[in-house]
Amino acid sequence: NAQNAFEMIQRIPGFTLEGGGNARGFSSNAGNVLVDNVRPTTKSGGLDSVLKRIPAGQVKYIELLRGGNDKGSETAGQTLVANIIREQGTSNGTWQLILRRTPENRIRPDLTASYATQLGDWQTSSEITIGNYPEDKTSFLKNYSSEQALTSETDEQIKFLKDWARFNSELSLKTDAGLLVLNGRFDNEREDAGKHRTINNIHDTDTTWLLEEQENTQLVELSIDWTQQINSWKWRLLTLGVVDKKEYSNQENSFALFEGMNTNVNADSYQEDTVNTELIIRSTFGNVSNTHFKPEIGFEIASNRLDTDVNSFSNGVEEQLSNSDVIVSEIRAELFTNATYQVNKKLSLDGSITAEFSKIDVDGDSPKERSFNFIKSKLVTNYQIDISNIISFEIEKQVDQLDFSDFSSSAEAVDDRVTAGNPNLVPTQTNRTSLIYDWRFSDAGALKVNVFYEWKKDVLEKIILPSGEQTLGNAGDAEFFGFESDLTLPLDLLLTNSNLILNFQYKDTRFYDEIINENRSLNNIIPVKYSAKFRQDVTSLNLAWGFEYVNESYVEKFEVNEIERKDRKGKLTLYVESGFIEGIKTSLIVSRAATDKETINRSFFINDRSGAINGNEINYHEKKPVFQLTLSGRF
């Protein structure tokens, strides 16, 4: 009952979809799925949107590419890639209606339709989706003094609603000279969030705190992709442009209770408007002949610009934030060469070397112009023990991209935290090695284990500026190591047509923190995460059912004068799918079937984390089950 290519990809045993990233440029955002032997040229929507607009009826077959192959930089050194081959000249469509019900009886619809057809000589596929997503959450907060005496208790109600309308389309024209592909994406999103706190102060007047947040986003992405075969070489030229506009605002009010009446004691507002533009030109020229050695050369030029305008008011008086109005622009060029070498039937090598040159200009309170030059490299060795077993060893030099928003000031109303902008940031560099073992022990069974080690230079953590403000800055070096395992286990001996997918991740880091003069972990690292997915297809009844359970250990966030620790309970999702209505797939999903709970403990320190503790706040979050009914079909 798979409706589109996305659902088909999810059914491949031992294959985990990697949708790529959202970094600037095109080369840094490779996923592990190809469509008709090439990487999709869309960027903002990721691979998910590309795959969902390909109806299942248009998929001719899906091939798995393991180890070295003849796709050059299209596979970006991935050890396992799925290649979707489509039927040409066919017409297929899908539709999907989703109804969600929250615990507060809010019901919201979601409608998606996609269609692929031949229009003259053009092969086209399009998707439109209109919908919204509601979420309700309750919290209970307790605040304690430095002597651990209770100072206040708070009830919090949170309501969130996200509305969106999206349209994306692809047109491709195959001629004797080559293949022309045009892509377009148009997004419009709106988010509204409301938080209401009733605060019972033990030794002071009770208060009420209200926060209203709103964010509007409009995005346009267009791309032109040309591929041409020249003898035994393939030339590809890509041009892609993105304009992403965001408007965020919040209004914060506090009321004190005097003689049974609420009196406004504080009113703050914050507004941040950003416009992000990007233009990419990329060209590759690679050998695709049936030889042992397949080289490729290419270049990529990207121009990026971020305009940020921040305004903050407290009780009607404008606050002066450093680097609040900032324009960041970057010109970046990459020259690269990739090569695949099939040493013999068992051993293959896949390598790349990239020279990156960039210039970043910051225009604001602290104008800055900086130039960076880096050499990035990657080598993947694949050894196929037999038809079922393969071992891969990877070594790579990575250079992270700076987030332009870190150059300007920002404020978090909920946490009452202001972060100054920092124009002096440099990219984090990483040397990574990993060993991957992939075992296909049956048609439906697979095991994949990945062990890795990273050494990081110039990691980004919160630091103290000479002015006393806190900001994100380059704080030193760190080590990062761990492993991940995926096991797809068929359970046909117990239940016909059933399988169990188990995932386990372990991560550990070491970073020397100069604020406390001790080693600690990096920010936002989840040390342990594991999940279990079970599914059974009862083909005689045209029925499927299953569950997914995900559990994460704690995660810590380190501010200059604060440590925030989140402890999470496991999340359980139940579902049943049926085709009892002819031509329509019906799914009932209960997410957060076991109530989702999270505890956030914020510990505060005098001046910074090297000082004495100055109290703490414990926040108990709770999200109740959400029911989702999905109807989908083909036309």
Side-chain angles (χ1 to χ4, degrees), residues 1 3-4 6-7 10 19 44-46 48-49 51-53 93-115 126-139 156-168 185-196 210-219 245-251 414 545-548 550 571-578 580-581 584-598 621-635:
N1 284 327
Q3 301 295 300
N4 51 51
F6 178 75
E7 294 183 13
Q10 291 183 311
S44 304
D48 288 14
S49 65
L51 300 179
K52 287 178 181 178
R53 74 170 180 237
T94 65
W95 62 270
Q96 182 182 73
L97 173 64
I98 299 176
L99 296 174
R100 297 186 183 91
R101 175 190 174 275
T102 69
E104 285 69 25
N105 291 320
R106 290 202 290 170
I107 298 178
R108 293 292 188 270
D110 216 342
L111 180 62
T112 301
S114 64
Y115 189 63
S126 301
E127 181 190 60
I128 185 170
T129 175
I130 302 172
N132 49 56
Y133 178 77
E135 185 170 70
D136 301 291
K137 182 168 61 175
T138 60
S139 300
E156 181 181 62
Q157 301 292 326
I158 301 173
K159 288 187 177 293
F160 172 84
L161 181 63
K162 180 176 181 178
D163 298 283
W164 63 83
R166 304 180 185 126
F167 174 76
N168 58 85
R185 181 179 179 90
F186 308 90
D187 288 2
N188 187 73
E189 297 181 359
R190 176 188 173 98
E191 295 182 11
D192 290 286
K195 298 179 176 65
H196 182 282
L210 302 174
L211 176 66
E212 297 292 333
E213 296 179 286
Q214 186 179 99
E215 181 173 286
N216 297 316
T217 302
Q218 293 88 36
L219 180 143
K245 181 180 180 181
K246 293 183 180 180
E247 298 175 346
Y248 169 81
S249 64
N250 69 53
Q251 182 70 42
V414 175
W545 68 280
F547 68 83
E548 178 179 0
V550 179
K571 301 176 184 178
L572 177 64
T573 301
L574 306 175
Y575 69 89
V576 60
E577 300 174 357
S578 175
F580 67 89
I581 302 176
I584 298 178
K585 176 182 174 180
T586 305
S587 303
L588 178 62
I589 302 173
V590 184
S591 57
R592 304 198 291 261
T595 301
D596 184 7
K597 295 182 178 180
E598 180 181 74
H621 283 292
E622 183 176 308
K623 298 179 183 179
K624 295 180 180 179
V626 174
F627 295 85
Q628 175 179 310
L629 176 65
T630 302
L631 303 175
S632 57
R634 307 181 195 177
F635 59 89

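Both backbone and side-chain heavy atoms feed into the values below; hydrogens, waters and symmetry mates do not. All residue numbers refer to positions in the sequence shown, counting from 1. Since this is a predicted model, take the numbers as computed values, not measurements.
One finds the OH atom of Tyr133 at 11.0 Å from the CG atom of Leu161 (value rounded to the nearest 0.5 Å). With rounding to the nearest 0.5 Å, the separation of NZ in Lys195 from CG in Leu211 is 5.5 Å. We find the CD1-CZ distance between Ile130 and Phe167 to be 11.5 Å, quoted to the nearest 0.5 Å. Taking NZ of Lys245 as the start and CG of Asn188 as the end, the distance is 11.0 Å to the nearest 0.5 Å. Annotation: the span from Ser139 atom OG to Lys597 atom NZ amounts to 12.5 Å, rounded to 0.5 Å. The CG atom of Leu588 sits 11.0 Å away from atom CG of Leu99, with the distance rounded to the nearest 0.5 Å.
Residues satisfying the side-chain contact (heavy atoms from CB on, under 4.5 Å) criterion with Ser49, sequence neighbours excluded, are Asn168, Arg185. Annotation: salt bridge (charged side-chain N to carboxylate O under 4.0 Å, His left out) contacts of Asp136 (sequence neighbours excluded): Arg106, Lys159. Every residue meeting the side-chain hydrogen bond (donor to acceptor under 3.5 Å, both in side chains) condition with Ser126, not counting sequence neighbours, appears here in chain and number order: Ser169. In this structure Glu212 satisfies the salt bridge (charged side-chain N to carboxylate O under 4.0 Å, His left out) test with no other residue, sequence neighbours excluded. For the side-chain hydrogen bond (donor to acceptor under 3.5 Å, both in side chains) test, no residue two or more places apart in sequence or in another chain qualifies with Trp95. In this structure, Phe627 has no ring-ring contact (aromatic ring centres under 6.0 Å, His included) partners at least two apart in sequence or on a different chain. By the side-chain hydrogen bond (donor to acceptor under 3.5 Å, both in side chains) test, Arg190 is found to be paired with Asp192, residues two or more places apart in sequence or in another chain being considered. A search for side-chain contact (heavy atoms from CB on, under 4.5 Å) contacts involving Glu215 returns Glu191, Thr217, Tyr248, not counting sequence neighbours. Listed by chain and number, the residues in a ring-ring contact (aromatic ring centres under 6.0 Å, His included) with Tyr115 are Phe635 (sequence neighbours excluded). For Lys585, the side-chain contact (heavy atoms from CB on, under 4.5 Å) test picks out Asn1, Gln3, Glu7, Arg11, Glu577, Ser587, Ser632, with sequence neighbours left out. Take Ser591 and apply the side-chain hydrogen bond (donor to acceptor under 3.5 Å, both in side chains) test, not counting sequence neighbours, and it matches no residue. Remark: Ile98 engages Gln96, Arg100, Asp110, Gln628, Thr630 in a side-chain contact (heavy atoms from CB on, under 4.5 Å) (not counting sequence neighbours).
Judged by the 6.0 Å distance and 45° axis criteria, Lys52 is positioned over the aromatic ring of Phe6.
What you find for Val590 and Pro625 is that their closest heavy atoms are CG1-CB, 4.3 Å.
At least one side-chain heavy atom of His621 sits less than 4.5 Å from a side-chain heavy atom of Glu156. Between Arg166 and Glu189 there is a side-chain heavy-atom pair separated by less than 4.5 Å.
With 3.5 Å as the limit, one finds no donor-acceptor pair spanning the side chains of Ser578 and Thr586.
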**Item:** Worked verdict on Thr573 versus Arg592 for side-chain contact (heavy atoms from CB on, under 4.5 Å)
**Value:** CA-CA 6 Å; Thr573 301; Arg592 304 198 291 261; over 6 Å; no
**Item:** side-chain contact (heavy atoms from CB on, under 4.5 Å) between Trp164 and Thr129, worked out
**Value:** CA-CA 8 Å; Trp164 63 83; Thr129 175; 3.6 Å; yes
